[in-house]
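Have a look at the structure below before the remarks.
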Amino acid sequence: MTPVIGLCAKTFDPLGAVLLHNVYAPNAPDAGRRVTRTATLDGECSIFDGGATVADATIQLSVSAPTATVVAAVQRLCMLYARIILTLPGGCYDVVPESATLQSNQLKITLLVMGTL
């Protein structure tokens, strides 16, 4: 059984929620750290480790054969709201919609994670 993913506006909007079926999505954002590496003159390197945060993650969803209603609802959310809520099987996230494009009968949605809810 494929998971059901939810996207919704953070403020009240009767048309501001959509459930996505037939979607490929991660259960949770990838783990990563804020690390930079700089070469030094002695041939070694200097590492700065700023730690880990969920806010460094980007989540990409891919919906197979979406209906016209789903495409319109997702594009509406992405155009009207700077921040929306994403629900995954692994948790809820405050996200910024970067893009929602329809390519070869696949709806590709890119979301930048701001934090967990």
Side-chain angles (χ1 to χ4, degrees):
M1 184 170 145
T2 60
V4 176
I5 307 300
L7 292 172
C8 69
K10 294 180 78 171
T11 58
F12 176 75
D13 180 350
L15 302 174
V18 62
L19 292 177
L20 304 174
H21 301 273
N22 300 325
V23 61
Y24 170 75
N27 283 337
D30 292 335
R33 298 183 69 81
R34 293 182 178 188
V35 178
T36 59
R37 178 177 57 194
T38 305
T40 57
L41 294 175
D42 62 359
E44 299 287 324
C45 68
S46 172
I47 300 286
F48 173 76
D49 186 353
T53 177
V54 72
D56 290 333
T58 299
I59 295 178
Q60 295 184 335
L61 307 176
S62 180
V63 183
S64 299
T67 64
T69 305
V70 167
V71 172
V74 170
Q75 289 179 336
R76 180 181 180 277
L77 278 174
C78 291
M79 289 187 327
L80 291 180
Y81 297 100
R83 305 224 344 226
I84 59 177
I85 296 172
L86 167 69
T87 58
L88 295 173
C92 292
Y93 301 92
D94 180 15
V95 298
V96 173
E98 183 178 55
S99 65
T101 57
L102 190 59
Q103 300 172 348
S104 304
N105 206 25
Q106 293 264 330
L107 179 60
K108 308 249 184 209
I109 307 165
T110 303
L111 305 165
L112 307 177
V113 179
M114 298 297 293
T116 56
L117 298 174

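- For the pair K10/L117, no side-chain contact is recorded, criterion being any heavy-atom separation below 4.5 Å from C-beta on.
- For the atom pair CD of Q75 and OG1 of T101, the computed distance is 8.5 Å after rounding to the nearest 0.5 Å.
- Taking both residues in full, the closest heavy atoms of R34 and A55 are given as NH2-CB, 4.4 Å, listed atom of the first, atom of the second, then distance.
- Put simply, CG on L111 and CG on D94 are 11.0 Å apart, with the number rounded to the nearest 0.5 Å.
- Atom NZ of K108 has 12 or fewer heavy atoms from other residues, nucleotides or ligands within 6.0 Å.
- Closest heavy-atom contact between D13 and R76: OD2-NH1, 2.8 Å.
- Proximity of V74 to P97: side-chain heavy atoms (C-beta onward) are nowhere separated by under 4.5 Å.
- L7 CG to T87 OG1: the interatomic distance, rounded to the nearest 0.5 Å, is 7.0 Å.
- Residues I84 and L86 fail the side-chain proximity criterion, which asks for heavy atoms closer than 4.5 Å.
- Minimum interatomic distance between P66 and V63 (heavy atoms only, all atoms of both residues): CD-O, 3.6 Å.
- The distance from the OH atom of Y93 to the CE atom of M114 is 15.0 Å, given to the nearest 0.5 Å.
- Here the side chains of T38 and F48 are not in contact, with every heavy-atom distance at 4.5 Å or above.
- I5 CD1 to L20 CG: the interatomic distance, rounded to the nearest 0.5 Å, is 7.0 Å.
- Side-chain contact between S64 and L107 is absent, with no heavy-atom pair separated by less than 4.5 Å.
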